[in-house]
Amino acid sequence: MNSTDTGVSRHTALYGEHEKLGAFFTDFGGWQMPLKYQSELAEHKAVREAAGLFDLSHMGEVRVTGPQAAEFLDYALVGKLSAVTVGRAKYSLLCTEDGGIIDDLITYRRAEDSYLVVPNASNAPAVVAALTERAAQFDVEVADQSVDTSLIAVQGPESEAILLWLVDASQHQDVTELKYYAATDVLLNTSVGPIDVLLARTGYTGEDGFELYLPNAQAAALWTVLLDAGKEVGLTPAGLAARDSLRLEAGMPLYGNELSLQTSPYAAGLGPVVALAKKEGDFVGRAALEAKKEQGADRKLVGLTGQGRRAARSHYPVTVDGATIGEVTSGAPSPTLGYPIAMAYVDVAYAEPGTTVDVDLRGKPQPFDVVKPPFYKRG
Amino acid sequence: MSNIPADLYYTAEHEWITAPDGDGVVRVGITDFAQDALGDVVYAQLPEAGSSYSASEAIGEVESTKSVSDIFAPLQGEIVRVNDALDADPGLINSDPYGGGWLMEMRPSDADAVQGLLSADDYSQQVG
């Protein structure tokens, strides 16, 4: 066993499965999660070329139901959730009155009057608190189901084939026709009996893939069944290290790195997520976000690619002629591309793709080119 | 438990050093413990052969997707050769840290200086 259990962080329903696989654990958002099983590079590669299996049960699940569910979410989040069709999902932000980002999250519309909000692990308590507080004036119920719900992701080009081996034949078409950012209830036929899951075509890797929501009680059984089913096409359990390098290649922000309470959505390139024009009514943060949009951002989130081989890392200064003009938020040598990639906030004067800046790599400035993410796009 | 060969010398910075050969040259690498903590190495920046350094000077670095570690000169002396195979296959540092994953060879100014380094027992206690 390779875990360094501090005794304070929580375990998902799949913890025992990870232990059996010899996972190396890390604390993430208050949870003991697999950092990697064997090799994070092999796990990264498996997702790009075959498929990876992730435990994402640390993510939150908040059910919002009631006659005013749509109206409430239009008020509580920055997006127009009332415009989401039943069965589809939307990426949105939960902001403070000041327009700071409490969390970035995905919201699924499950029925006219029912939504599933999925916050990041470390932000789930803050999201539940904010939603509950904001719900006071609406006819809705906000129910935190995080503790009882497991989330397993299958990501990579073989994902659909793996799912089809398990999904009941009557629902194959539901899966093959399931659109990106859509979800449907499916029945999986497994050696341990039928398992009902909410199957979403979403992910955080830049590949085709699915996320499966189900009650904790059946999570370990489903994990094992998926590993068995996917074995012959190269499905590999993958940890947070691979998840981070995959999302970085895909140019996706990570809360805590690219996003925070101090981040303006306009600086983060998330202006289109804020439905100022589409929503007539007031929503939390509206006035502050209107002002931020009007004022414009001083710094902008950009992609950087290294001209050399040394990688930029989080918090390294971005400089031009020795003067600091920005800061790296995430950076790594890209396993797929073979050169260093990073995301950074830089002064708007240097944010144009094609601009060359330096990153101070521990005392030595190295040239990086400003690019527009994603760094990697699947073929 | 990480592998700590008894016939090598070690530093507190998780490098191993061989006893000097007939030409007074020692070989240097990072330990099994260090490669395991670092994760899959994707790039090793090595010093140039012919350059001289003082002990504990940072002379290169080893990068994984998750982090980066300095390579230090374990002793004062001159770099006589670096492991060019790492350029094409930096993963050798993970798969064979005491063999094909060696980093560099150096000629210490003082051939007896290795005696001042940690023994395998000393190092075991540090990482134990």
Side-chain angles (χ1 to χ4, degrees), chain A residues 1-2 4 22-24 26 28 34-48 238-249 254 257 306 308-316 328 330-342 359-364 366 375-376, chain B residues 1-4 13-14 30-48 51 53-54 56-73 82-97 99-101 103-104 126-128:
Chain A
M1 193 176 78
N2 300 300
T4 46
F24 293 76
T26 186
F28 185 79
L35 178 66
K36 61 174 181 176
Y37 296 85
Q38 300 292 329
S39 150
E40 65 270 24
L41 276 184
E43 292 165 21
H44 181 112
K45 200 166 171 236
V47 173
R48 289 276 177 257
L240 290 178
R243 185 167 161 82
D244 193 39
S245 51
L246 288 158
R247 71 92 194 168
L248 180 58
E249 287 184 344
L254 171 63
N257 287 38
R309 289 183 67 178
R310 299 176 67 216
R313 305 284 178 174
S314 182
H315 300 305
Y316 285 10
V328 173
S330 299
S334 161
T336 308
L337 303 169
Y339 51 78
I341 59 172
V359 176
D360 186 341
L361 299 183
R362 303 188 301 159
K364 287 183 192 144
Q366 294 286 320
F375 304 97
Y376 164 86
Chain B
M1 279 304 291
S2 69
N3 177 18
I4 303 172
E13 286 80 29
H14 308 286
I30 67 168
T31 65
D32 187 34
F33 177 87
Q35 69 78 20
D36 197 38
L38 190 59
D40 294 333
V41 177
V42 294
Y43 177 50
Q45 193 203 21
L46 302 173
E48 286 191 20
S51 44
Y53 298 97
S54 31
S56 301
E57 198 175 337
I59 59 175
E61 49 190 35
V62 191
E63 298 216 32
S64 69
T65 54
K66 292 303 288 175
S67 64
V68 56
S69 286
D70 279 319
I71 301 169
F72 298 96
V82 299
N83 185 359
D84 292 329
L86 297 180
D87 204 43
D89 190 5
L92 286 169
I93 292 170
N94 298 111
S95 59
D96 194 10
L103 300 177
M104 61 206 178
Q126 183 186 321
V127 302

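The sequence lines fix the lettering, A, B, ..., with proteins before strands; numbering per chain opens at 1. Scope of the values below: all heavy atoms of this structure, side chains included, with no hydrogens, waters or symmetry mates.
- In this structure, A:Leu361 and B:Glu61 have side chains that are not in contact, with every pair of non-hydrogen atoms separated by 4.5 Å or more.
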Next item on the list: Apply the test salt bridge (Lys or Arg N to Asp or Glu O under 4.0 Å) to residues A:Arg362 and B:Asp70: give CA-CA distance (whole Å), side-chain angles for both, the deciding distance (0.1 Å), then the verdict.
Entry: CA-CA 10 Å; A:Arg362 303 188 301 159; B:Asp70 279 319; 3.1 Å; yes

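- Taking chain B as the reference chain and counting heavy-atom pairs below 4.5 Å, the highest number among A:Ala241, A:Pro333, A:Ala42 is found for A:Pro333.
- In summary, A:Arg309 and B:Asp87 engage in a salt bridge, as defined by a charged side-chain N under 4.0 Å from a carboxylate O.
- With salt bridges taken as basic N to acidic carboxylate O contacts below 4.0 Å, one links A:Arg313 and B:Glu63.
- Under the 4.0 Å criterion applied to side-chain N and carboxylate O atoms, B:Lys66 and A:Asp244 are assigned as salt-bridge partners.
- Within the 4.5 Å cutoff, the side chain of B:Thr65 has heavy atoms near those of the A:Pro335 side chain.
- B:Gln45 places no side-chain N or O within 3.5 Å of a backbone atom of A:Arg310 that could act as its donor or acceptor partner.
- Of the listed residues (A:Gly338, A:Ser245, A:Ser39), the greatest number of heavy-atom pairs within a distance under 4.5 Å of chain B belongs to A:Ser39.
- Among A:Ala311, A:Ala242, A:Ser334, A:Gly331, the residue making the largest number of heavy-atom pairs under 4.5 Å with chain B is A:Ala311.
- Across all their heavy atoms, A:Leu41 and B:Val42 have their closest contact at CD1-CG1, 3.6 Å.
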